[in-house]
Visitor: 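Dropping the structure in here first, questions after.
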Number of protein chains: 2
Amino acid sequence: MIGVMTEPRWLSPEEMRAWLGYRRLRNLLDARIARDLADQAGLSDQDYDVLSNLSAHEDHRAGIGELAKELRWSHSRLSHHLTRMEKRGLVARESHPADARGAIVTLTSEGRSAIVEAAPGHVASVREHLIDVMTPEQVRSLGDIAEAVLGRLGEAR
Amino acid sequence: MIGVMTEPRWLSPEEMRAWLGYRRLRNLLDARIARDLADQAGLSDQDYDVLSNLSAHEDHRAGIGELAKELRWSHSRLSHHLTRMEKRGLVARESHPADARGAIVTLTSEGRSAIVEAAPGHVASVREHLIDVMTPEQVRSLGDIAEAVLGRLGEAR
DNA sequence: CGATCATACTTGACGTGTCACATAAATCGG
DNA sequence: CCGATTTATGTGACACGTCAAGTATGATCG
(Lines give C-alpha, C1' and ligand atoms only; values in the text may rest on other atoms or scores of the structure.)
Protein backbone atom coordinates (compact mmCIF):
# COMPACT_ATOMS: atom_id res chain seq x y z
CA MET A 1 0.00 0.00 0.00
CA ILE A 2 3.04 2.23 -0.23
CA GLY A 3 4.46 3.89 -3.34
CA VAL A 4 2.53 3.41 -6.56
CA MET A 5 -0.64 2.63 -4.68
CA THR A 6 -0.75 5.78 -2.55
CA GLU A 7 -3.77 7.98 -3.03
CA PRO A 8 -3.01 10.99 -5.27
CA ARG A 9 -3.30 14.50 -3.87
CA TRP A 10 -6.17 15.84 -5.97
CA LEU A 11 -6.30 19.54 -6.79
CA SER A 12 -8.02 21.94 -4.40
CA PRO A 13 -10.67 24.25 -5.86
CA GLU A 14 -8.16 27.10 -5.95
CA GLU A 15 -5.61 24.94 -7.70
CA MET A 16 -8.19 23.60 -10.10
CA ARG A 17 -9.18 27.17 -10.93
CA ALA A 18 -5.58 28.01 -11.79
CA TRP A 19 -5.05 24.86 -13.87
CA LEU A 20 -8.30 25.03 -15.81
CA GLY A 21 -7.90 28.79 -16.17
CA TYR A 22 -4.46 28.32 -17.62
CA ARG A 23 -5.66 25.73 -20.11
CA ARG A 24 -8.61 27.81 -21.21
CA LEU A 25 -6.47 30.93 -21.41
CA ARG A 26 -4.00 29.12 -23.58
CA ASN A 27 -6.65 27.79 -25.93
CA LEU A 28 -8.53 31.03 -26.42
CA LEU A 29 -5.76 33.61 -26.19
CA ASP A 30 -3.48 31.82 -28.60
CA ALA A 31 -6.28 31.26 -31.05
CA ARG A 32 -7.23 34.91 -30.90
CA ILE A 33 -3.74 36.32 -31.32
CA ALA A 34 -3.00 33.86 -34.11
CA ARG A 35 -6.16 34.85 -35.91
CA ASP A 36 -5.39 38.56 -35.61
CA LEU A 37 -1.95 37.98 -37.05
CA ALA A 38 -3.22 35.81 -39.88
CA ASP A 39 -5.94 38.31 -40.79
CA GLN A 40 -3.69 41.36 -40.62
CA ALA A 41 -0.49 40.04 -42.11
CA GLY A 42 -1.09 36.57 -43.50
CA LEU A 43 1.44 35.11 -41.06
CA SER A 44 1.20 32.41 -38.43
CA ASP A 45 2.68 32.85 -34.95
CA GLN A 46 5.47 30.52 -35.95
CA ASP A 47 6.20 32.50 -39.09
CA TYR A 48 6.39 35.60 -36.92
CA ASP A 49 8.79 33.99 -34.48
CA VAL A 50 11.13 32.86 -37.23
CA LEU A 51 11.03 36.14 -39.11
CA SER A 52 11.46 38.25 -36.02
CA ASN A 53 14.35 36.18 -34.74
CA LEU A 54 16.02 36.20 -38.12
CA SER A 55 15.66 39.92 -38.63
CA ALA A 56 17.44 40.50 -35.32
CA HIS A 57 20.57 38.91 -36.79
CA GLU A 58 23.35 40.68 -38.65
CA ASP A 59 22.68 40.47 -42.36
CA HIS A 60 19.38 38.73 -41.62
CA ARG A 61 20.98 35.33 -41.73
CA ALA A 62 21.58 32.55 -39.22
CA GLY A 63 22.68 28.95 -39.00
CA ILE A 64 19.81 26.55 -38.65
CA GLY A 65 21.02 24.94 -35.45
CA GLU A 66 21.63 28.36 -33.94
CA LEU A 67 18.13 29.45 -34.87
CA ALA A 68 16.60 26.29 -33.47
CA LYS A 69 18.36 26.84 -30.16
CA GLU A 70 17.26 30.46 -29.90
CA LEU A 71 13.67 29.57 -30.67
CA ARG A 72 13.80 26.49 -28.41
CA TRP A 73 12.46 24.46 -31.34
CA SER A 74 13.45 20.97 -32.34
CA HIS A 75 15.56 20.75 -35.48
CA SER A 76 12.84 18.73 -37.10
CA ARG A 77 10.21 21.32 -36.37
CA LEU A 78 12.34 24.12 -37.70
CA SER A 79 13.28 22.18 -40.80
CA HIS A 80 9.65 21.44 -41.61
CA HIS A 81 8.68 25.03 -41.01
CA LEU A 82 11.49 26.46 -43.10
CA THR A 83 10.38 24.22 -45.96
CA ARG A 84 6.93 25.73 -45.78
CA MET A 85 8.21 29.29 -45.46
CA GLU A 86 10.65 28.76 -48.30
CA LYS A 87 7.78 27.71 -50.55
CA ARG A 88 6.05 30.97 -49.76
CA GLY A 89 9.18 33.01 -50.49
CA LEU A 90 9.69 34.36 -46.97
CA VAL A 91 13.12 32.83 -46.38
CA ALA A 92 15.82 31.08 -48.39
CA ARG A 93 18.27 28.34 -47.55
CA GLU A 94 21.95 28.57 -48.44
CA SER A 95 24.76 26.12 -47.86
CA HIS A 96 27.34 26.88 -45.22
CA PRO A 97 30.66 27.92 -46.80
CA ALA A 98 32.93 26.26 -44.23
CA ASP A 99 30.97 23.20 -43.11
CA ALA A 100 29.05 21.35 -45.79
CA ARG A 101 26.78 19.77 -43.17
CA GLY A 102 25.54 23.15 -42.04
CA ALA A 103 22.89 25.26 -43.64
CA ILE A 104 22.11 28.94 -43.44
CA VAL A 105 18.72 30.63 -43.59
CA THR A 106 18.28 34.15 -44.83
CA LEU A 107 15.42 36.57 -44.93
CA THR A 108 14.17 37.39 -48.41
CA SER A 109 13.03 40.92 -49.16
CA GLU A 110 9.46 39.64 -48.96
CA GLY A 111 10.19 38.17 -45.56
CA ARG A 112 11.64 41.47 -44.45
CA SER A 113 8.66 43.51 -45.50
CA ALA A 114 6.28 40.93 -44.05
CA ILE A 115 7.74 41.24 -40.55
CA VAL A 116 8.01 45.02 -40.72
CA GLU A 117 4.38 45.33 -41.69
CA ALA A 118 3.19 42.72 -39.21
CA ALA A 119 4.98 43.92 -36.09
CA PRO A 120 2.87 46.91 -35.01
CA GLY A 121 -0.43 45.06 -35.35
CA HIS A 122 0.93 42.04 -33.57
CA VAL A 123 2.17 44.06 -30.60
CA ALA A 124 -1.20 45.80 -30.47
CA SER A 125 -2.94 42.44 -30.42
CA VAL A 126 -0.76 41.10 -27.62
CA ARG A 127 -1.41 44.30 -25.65
CA GLU A 128 -5.11 44.30 -26.21
CA HIS A 129 -5.75 40.67 -25.31
CA LEU A 130 -3.12 40.03 -22.66
CA ILE A 131 -0.76 42.72 -21.43
CA ASP A 132 -3.19 45.60 -21.04
CA VAL A 133 -5.74 43.35 -19.37
CA MET A 134 -3.34 42.68 -16.50
CA THR A 135 -2.36 44.98 -13.67
CA PRO A 136 1.37 45.74 -13.38
CA GLU A 137 1.51 43.35 -10.43
CA GLN A 138 -0.02 40.63 -12.55
CA VAL A 139 2.46 41.27 -15.34
CA ARG A 140 5.29 40.80 -12.87
CA SER A 141 3.60 37.78 -11.35
CA LEU A 142 3.18 36.10 -14.73
CA GLY A 143 6.86 36.66 -15.41
CA ASP A 144 7.72 35.18 -12.01
CA ILE A 145 5.51 32.16 -12.55
CA ALA A 146 7.04 31.47 -15.94
CA GLU A 147 10.52 31.79 -14.49
CA ALA A 148 9.74 29.40 -11.64
CA VAL A 149 8.10 26.79 -13.82
CA LEU A 150 10.75 26.96 -16.51
CA GLY A 151 13.44 26.72 -13.86
CA ARG A 152 11.79 23.55 -12.57
CA LEU A 153 11.75 22.15 -16.09
CA GLY A 154 15.50 22.66 -16.38
CA GLU A 155 15.12 25.66 -18.62
CA ALA A 156 16.14 28.55 -16.40
CA ARG A 157 15.97 31.84 -18.23
CA MET B 1 -0.32 60.92 -38.58
CA ILE B 2 -3.42 59.94 -36.66
CA GLY B 3 -5.07 56.51 -36.53
CA VAL B 4 -3.49 53.72 -38.53
CA MET B 5 -0.22 55.60 -38.75
CA THR B 6 0.32 56.11 -35.03
CA GLU B 7 3.46 54.59 -33.60
CA PRO B 8 2.74 51.36 -31.73
CA ARG B 9 3.38 51.13 -28.00
CA TRP B 10 6.14 48.53 -27.90
CA LEU B 11 6.43 46.25 -24.89
CA SER B 12 8.49 47.34 -21.89
CA PRO B 13 11.15 44.92 -20.60
CA GLU B 14 8.81 43.82 -17.82
CA GLU B 15 5.99 43.24 -20.29
CA MET B 16 8.28 41.46 -22.70
CA ARG B 17 9.40 39.20 -19.87
CA ALA B 18 5.79 38.26 -19.14
CA TRP B 19 4.92 37.68 -22.79
CA LEU B 20 8.00 35.67 -23.70
CA GLY B 21 7.78 33.82 -20.40
CA TYR B 22 4.20 32.88 -21.12
CA ARG B 23 5.06 31.61 -24.58
CA ARG B 24 8.00 29.58 -23.37
CA LEU B 25 6.01 28.27 -20.43
CA ARG B 26 3.28 27.16 -22.72
CA ASN B 27 5.63 25.40 -25.12
CA LEU B 28 7.64 23.50 -22.54
CA LEU B 29 5.04 22.84 -19.86
CA ASP B 30 2.47 21.52 -22.27
CA ALA B 31 5.00 19.33 -24.02
CA ARG B 32 6.14 17.91 -20.73
CA ILE B 33 2.71 17.18 -19.31
CA ALA B 34 1.58 15.70 -22.61
CA ARG B 35 4.60 13.43 -22.72
CA ASP B 36 4.04 12.23 -19.15
CA LEU B 37 0.45 11.39 -19.96
CA ALA B 38 1.34 9.64 -23.19
CA ASP B 39 4.05 7.58 -21.54
CA GLN B 40 2.00 6.63 -18.49
CA ALA B 41 -1.39 6.05 -20.03
CA GLY B 42 -1.14 6.17 -23.81
CA LEU B 43 -3.48 9.16 -23.90
CA SER B 44 -3.10 12.67 -25.32
CA ASP B 45 -4.20 15.73 -23.37
CA GLN B 46 -7.15 15.98 -25.65
CA ASP B 47 -8.13 12.37 -25.06
CA TYR B 48 -7.92 13.08 -21.36
CA ASP B 49 -10.14 16.14 -21.61
CA VAL B 50 -12.81 14.30 -23.55
CA LEU B 51 -12.76 11.22 -21.34
CA SER B 52 -12.75 13.20 -18.14
CA ASN B 53 -15.58 15.45 -19.24
CA LEU B 54 -17.59 12.47 -20.44
CA SER B 55 -17.08 10.46 -17.29
CA ALA B 56 -18.47 13.36 -15.26
CA HIS B 57 -21.82 12.93 -17.01
CA GLU B 58 -24.70 10.72 -15.92
CA ASP B 59 -24.41 7.37 -17.65
CA HIS B 60 -21.18 8.52 -19.23
CA ARG B 61 -22.93 9.94 -22.23
CA ALA B 62 -23.39 13.41 -23.68
CA GLY B 63 -24.63 15.17 -26.78
CA ILE B 64 -21.88 16.25 -29.10
CA GLY B 65 -22.80 19.92 -29.16
CA GLU B 66 -23.09 19.92 -25.39
CA LEU B 67 -19.65 18.36 -25.07
CA ALA B 68 -18.14 20.83 -27.53
CA LYS B 69 -19.53 23.72 -25.52
CA GLU B 70 -18.22 22.39 -22.22
CA LEU B 71 -14.78 21.78 -23.68
CA ARG B 72 -14.83 25.11 -25.55
CA TRP B 73 -13.89 23.19 -28.69
CA SER B 74 -15.14 23.82 -32.19
CA HIS B 75 -17.61 21.24 -33.48
CA SER B 76 -15.21 20.37 -36.23
CA ARG B 77 -12.37 19.75 -33.83
CA LEU B 78 -14.49 17.55 -31.61
CA SER B 79 -15.85 15.62 -34.55
CA HIS B 80 -12.38 14.89 -35.88
CA HIS B 81 -11.17 13.89 -32.45
CA LEU B 82 -14.12 11.62 -31.74
CA THR B 83 -13.47 9.86 -35.02
CA ARG B 84 -9.94 9.11 -33.90
CA MET B 85 -10.99 8.05 -30.40
CA GLU B 86 -13.74 5.88 -31.80
CA LYS B 87 -11.19 4.02 -33.93
CA ARG B 88 -9.20 3.29 -30.80
CA GLY B 89 -12.27 2.03 -28.95
CA LEU B 90 -12.32 4.72 -26.26
CA VAL B 91 -15.75 6.15 -27.09
CA ALA B 92 -18.74 5.24 -29.24
CA ARG B 93 -21.23 7.31 -31.18
CA GLU B 94 -24.97 6.68 -30.99
CA SER B 95 -27.82 8.42 -32.73
CA HIS B 96 -30.04 10.71 -30.70
CA PRO B 97 -33.45 9.10 -30.08
CA ALA B 98 -35.50 12.31 -30.30
CA ASP B 99 -33.58 14.46 -32.81
CA ALA B 100 -32.10 12.62 -35.77
CA ARG B 101 -29.64 15.46 -36.41
CA GLY B 102 -28.10 15.04 -32.99
CA ALA B 103 -25.54 12.46 -31.98
CA ILE B 104 -24.56 11.08 -28.61
CA VAL B 105 -21.13 10.00 -27.46
CA THR B 106 -20.64 7.40 -24.80
CA LEU B 107 -17.67 6.09 -22.90
CA THR B 108 -16.80 2.48 -23.66
CA SER B 109 -15.55 0.26 -20.85
CA GLU B 110 -12.07 0.71 -22.25
CA GLY B 111 -12.48 4.46 -22.16
CA ARG B 112 -13.65 4.22 -18.60
CA SER B 113 -10.69 2.21 -17.43
CA ALA B 114 -8.30 4.41 -19.40
CA ILE B 115 -9.37 7.56 -17.58
CA VAL B 116 -9.48 5.87 -14.19
CA GLU B 117 -5.96 4.59 -14.61
CA ALA B 118 -4.64 7.84 -16.10
CA ALA B 119 -6.03 10.31 -13.57
CA PRO B 120 -3.68 9.88 -10.60
CA GLY B 121 -0.53 10.11 -12.71
CA HIS B 122 -1.88 13.09 -14.61
CA VAL B 123 -2.70 15.01 -11.45
CA ALA B 124 0.75 14.19 -10.11
CA SER B 125 2.31 15.51 -13.31
CA VAL B 126 0.33 18.76 -13.18
CA ARG B 127 1.32 19.18 -9.55
CA GLU B 128 4.95 18.44 -10.10
CA HIS B 129 5.46 20.71 -13.07
CA LEU B 130 3.07 23.56 -12.36
CA ILE B 131 0.99 23.71 -9.20
CA ASP B 132 3.58 22.72 -6.62
CA VAL B 133 6.14 25.02 -8.23
CA MET B 134 3.98 28.06 -7.48
CA THR B 135 3.38 29.74 -4.14
CA PRO B 136 -0.26 29.90 -3.02
CA GLU B 137 -0.26 33.58 -3.99
CA GLN B 138 0.92 32.68 -7.45
CA VAL B 139 -1.77 30.02 -7.78
CA ARG B 140 -4.38 32.63 -6.97
CA SER B 141 -2.74 35.15 -9.26
CA LEU B 142 -2.70 32.74 -12.18
CA GLY B 143 -6.40 32.10 -11.64
CA ASP B 144 -7.03 35.84 -11.52
CA ILE B 145 -5.05 36.47 -14.69
CA ALA B 146 -6.91 33.76 -16.55
CA GLU B 147 -10.23 35.13 -15.38
CA ALA B 148 -9.35 38.65 -16.46
CA VAL B 149 -8.06 37.65 -19.87
CA LEU B 150 -10.92 35.28 -20.56
CA GLY B 151 -13.39 37.92 -19.48
CA ARG B 152 -11.82 40.33 -21.96
CA LEU B 153 -12.16 37.71 -24.66
CA GLY B 154 -15.88 37.44 -23.97
CA GLU B 155 -15.53 34.15 -22.21
CA ALA B 156 -16.16 34.94 -18.56
CA ARG B 157 -15.95 31.87 -16.38
C1' DC C 1 44.59 5.92 -43.82
C1' DG C 2 40.30 3.83 -42.49
C1' DA C 3 36.74 2.43 -39.24
C1' DT C 4 33.90 4.54 -36.06
C1' DC C 5 31.44 7.98 -33.92
C1' DA C 6 29.46 12.57 -33.60
C1' DT C 7 27.19 16.45 -35.75
C1' DA C 8 23.89 18.91 -38.75
C1' DC C 9 20.11 18.62 -41.01
C1' DT C 10 16.07 16.27 -43.70
C1' DT C 11 12.25 13.26 -44.39
C1' DG C 12 7.99 10.32 -43.76
C1' DA C 13 4.27 8.91 -41.10
C1' DC C 14 0.95 10.23 -38.26
C1' DG C 15 -1.89 12.92 -34.67
C1' DT C 16 -3.91 17.24 -34.22
C1' DG C 17 -6.38 21.89 -35.35
C1' DT C 18 -8.56 25.28 -38.63
C1' DC C 19 -11.26 26.76 -42.33
C1' DA C 20 -14.58 26.22 -45.68
C1' DC C 21 -17.86 23.54 -47.35
C1' DA C 22 -21.33 19.61 -47.43
C1' DT C 23 -25.33 17.15 -45.60
C1' DA C 24 -29.37 16.36 -43.47
C1' DA C 25 -33.01 17.03 -40.27
C1' DA C 26 -35.89 20.36 -37.57
C1' DT C 27 -38.52 24.52 -37.59
C1' DC C 28 -41.02 28.43 -39.03
C1' DG C 29 -43.79 31.72 -41.90
C1' DG C 30 -47.16 31.66 -45.13
C1' DC D 1 -48.29 21.33 -45.87
C1' DC D 2 -44.18 23.78 -48.44
C1' DG D 3 -40.16 26.16 -49.14
C1' DA D 4 -36.56 28.94 -46.72
C1' DT D 5 -33.80 29.08 -42.85
C1' DT D 6 -31.57 27.40 -38.82
C1' DT D 7 -29.41 23.81 -36.24
C1' DA D 8 -26.34 19.72 -35.61
C1' DT D 9 -22.84 17.35 -37.34
C1' DG D 10 -19.38 15.47 -40.74
C1' DT D 11 -15.58 15.81 -44.30
C1' DG D 12 -11.48 17.29 -47.08
C1' DA D 13 -7.56 20.03 -47.62
C1' DC D 14 -3.97 21.82 -45.54
C1' DA D 15 -0.83 23.86 -41.62
C1' DC D 16 1.67 22.44 -37.73
C1' DG D 17 4.43 19.30 -34.29
C1' DT D 18 6.53 14.89 -32.75
C1' DC D 19 8.95 10.76 -33.21
C1' DA D 20 11.85 7.74 -35.45
C1' DA D 21 14.70 6.91 -39.07
C1' DG D 22 17.73 8.47 -42.86
C1' DT D 23 21.67 10.97 -45.17
C1' DA D 24 25.77 13.09 -45.41
C1' DT D 25 29.74 15.40 -43.70
C1' DG D 26 33.25 16.24 -40.11
C1' DA D 27 36.25 14.57 -36.32
C1' DT D 28 38.91 11.05 -33.79
C1' DC D 29 42.00 7.54 -32.96
C1' DG D 30 44.36 3.23 -33.76
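We name chains A, B, ... by the order of the sequence lines, and we start the count at 1 in each one.
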Visitor: Is it true that atom CZ of A/R140 has more than 12 heavy atoms of other residues, nucleotides or ligands lying nearer than 6.0 Å?
Guide: no

Visitor: Please check the phosphate of C/dG17 (OP1 and OP2 only) for any side-chain N or O of B/R77 closer than 4.0 Å.
Guide: yes

Visitor: Would you tell me whether A/R77 and A/H80 have side-chain atoms, one donor and one acceptor, within less than 3.5 Å of each other?
Guide: no

Visitor: Side chain of B/D47: nearest nucleotide among D/dT9, C/dT16, C/dC9?
Guide: C/dT16

Visitor: If you find the nucleotide of DNA chain D closest to A/A98 and the one closest to A/H81, which residue's nucleotide is nearer the 5' end?
Guide: A/H81

Visitor: Take A/T83 and A/D99, find for each the nucleotide of DNA chain C with the closest heavy atom, and name the residue whose nucleotide sits nearer the 5' end.
Guide: A/D99

Visitor: Taking only the side-chain heavy atoms of A/R84 (C-beta and beyond), determine which of C/dC9, D/dC16, D/dG10 contains the nearest atom.
Guide: D/dC16

Visitor: In whole angstrom, what separates B/L67's CG from D/dG10's P?
Guide: 11 Å

Visitor: Can you confirm whether the side chains of A/S125 and A/R32 place a donor and an acceptor under 3.5 Å from each other?
Guide: no

Visitor: Tell me which of B/G63 and A/D45 sits closer to the 5' end of DNA chain D, going by the nucleotide each one is nearest to.
Guide: B/G63

Visitor: Regarding D/dT9, can its base be found pairing with the side chain of B/R101 as donor and acceptor, where the two atoms are less than 3.5 Å apart?
Guide: no

Visitor: Measure from the ring centre of A/H80 to the centre of the six-membered ring in the base of C/dT11, then say whether that distance is under 5.5 Å and the planes meet at under 30°.
Guide: yes

Visitor: For B/D39 and D/dA20, what is the distance between atoms CG and C1' respectively, to the nearest whole Å?
Guide: 15 Å

Visitor: How long is the line joining CD of B/E94 and P of D/dT9, in whole Å?
Guide: 14 Å

Visitor: Confirm from the modelled atom types if A/S76 and C/dC9 form a donor-acceptor pair under 3.5 Å, side chain to base only.
Guide: no

Visitor: If you measure only the distance, is there a donor-acceptor pair under 3.5 Å linking the side chains of B/D47 and B/S44?
Guide: yes

Visitor: Between D/dG10, C/dT11, C/dG17, which one does the side chain of B/Q46 approach most closely?
Guide: C/dG17

Visitor: From C/dT10, C/dT16, C/dC19, pick the nucleotide closest to the side chain of A/R35?
Guide: C/dC19

Visitor: For A/W73 and D/dA15, give me the distance from atom CH2 to atom C1', rounded to whole Å.
Guide: 12 Å

